[in-house]
Participant: 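One structure is given below, represented as structure tokens, and several questions about it will come after.
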Amino acid sequence: MTVKTKKPTPTADGSDDDPLLLRQPTMSDGAAVYKLIQACPPLDLNSNYVYLLLCTHFASTCIVAHQNHQLVGFISAYQHPEKQNTLFVWQVAVHESMRGRGLAQYMLEHLLKRSTLEHIKFIETTVDPENHASRRLFQKLAQQHQTELVELDFFQSEHFVKPQVEPLLRIGPLRTHLL
Ligand SMILES: CC(C)(COP(=O)(O)OP(=O)(O)OC[C@H]1O[C@@H](n2cnc3c(N)ncnc32)[C@H](O)[C@@H]1OP(=O)(O)O)[C@@H](O)C(=O)NCCC(=O)NCCS
């Protein structure tokens, strides 16, 4: 389903824009998602094939945002294989020109409002401790839902090829009726 939002999203030059279109991805989005992730460091760039799988097999738990016929946002997520009520959010990307306007949170909320995801009560994700924008996004999500955000050890430096840590953030229980 495509959702047309009325949220104002002015461009950097202040000109009028088409409305944002938020929807499930399709196979046709795979290459553009790859290019968006490539343009969004520090995200790890996965293969074009991985993004095709996300845009097809995992489309019901992923979301794309388009404006003026361009892909400006993407979230990949999947239902945790052992916790039915938990959505694991993998990558969140917003085009540089659209940052700081709440688009990432808006996409997350749209995802959570899908009738097929009504049973989701917790969000899990991992965040680089240095990625302040990403941390703020999940802190704001917890605030919006008036719920807890807990941080737990997860992927440690020895699990990566390059030194890096990715603690787990668990947000919930979600209160989607507050949205
Ligand atoms: C993280 C990211 C998805 C947030 O998207 P967004 O739509 O800009 O999110 P928000 O508008 O809610 O802003 C979140 C935080 O980003 C920071 N921010 C604000 N404007 C910004 C800008 N122009 N550029 C970068 N970060 C900005 C602020 O800390 C903000 O928190 P605040 O509202 O409390 O000030 C986006 O910055 C991005 O794509 N970054 C690169 C990829 C990445 O790191 N992804 C997250 C890892 S999964």
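First listed ligand is number 1; within each ligand, the first listed atom is number 1. Quick note: residue numbers are just sequence positions, from 1. Keep in mind that the numbers below use all heavy atoms, side chains included, and drop hydrogens, waters and symmetry copies.
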Participant: Looking at side-chain heavy atoms only, is the closest gap between Ile120 and Thr61 below 4.5 Å?
Facilitator: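 No, too far: nothing below the 4.5 Å cut-off.
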Participant: Within this structure, what is the CG-CG distance for the pair Leu141 and Leu174, rounded to the nearest 0.5 Å?
Facilitator: 6.5 Å
Participant: Has Glu148 got more than 12 heavy atoms of other residues, nucleotides or ligands less than 6.0 Å from its CD?
Facilitator: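 No, the 6.0 Å shell around CD holds no more than 12 heavy atoms from other groups.
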Participant: Mark yes or no for whether His145, through its side chain, and Arg175, through its backbone, hold a donor-acceptor pair below 3.5 Å.
Facilitator: yes
Participant: Strictly distance-based, threshold 3.5 Å: is any side-chain N or O of Ser76 a donor or acceptor partner for the main-chain N or O of Gln91?
Facilitator: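 Confirmed, Ser76 side chain pairs with Gln91 backbone.
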Participant: Output the set of protein residues with a heavy-atom contact under 4.0 Å to ligand 1, ordered first by chain identifier and then by residue number.
Facilitator: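 Contacts of ligand 1 under 4.0 Å: Cys40, Pro41, Pro42, Leu43, Trp90, Val92, Ala93, Val94, Arg99, Gly100, Arg101, Gly102, Leu103, Ala104, Asn131, Ala133, Ser134, Arg136, Lys140.
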Participant: Counting only heavy atoms not in Gln38, do more than 12 fall under 6.0 Å of its CD?
Facilitator: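 Yes - once you tally the heavy atoms of other residues, nucleotides and ligands closer than 6.0 Å, there are more than 12.
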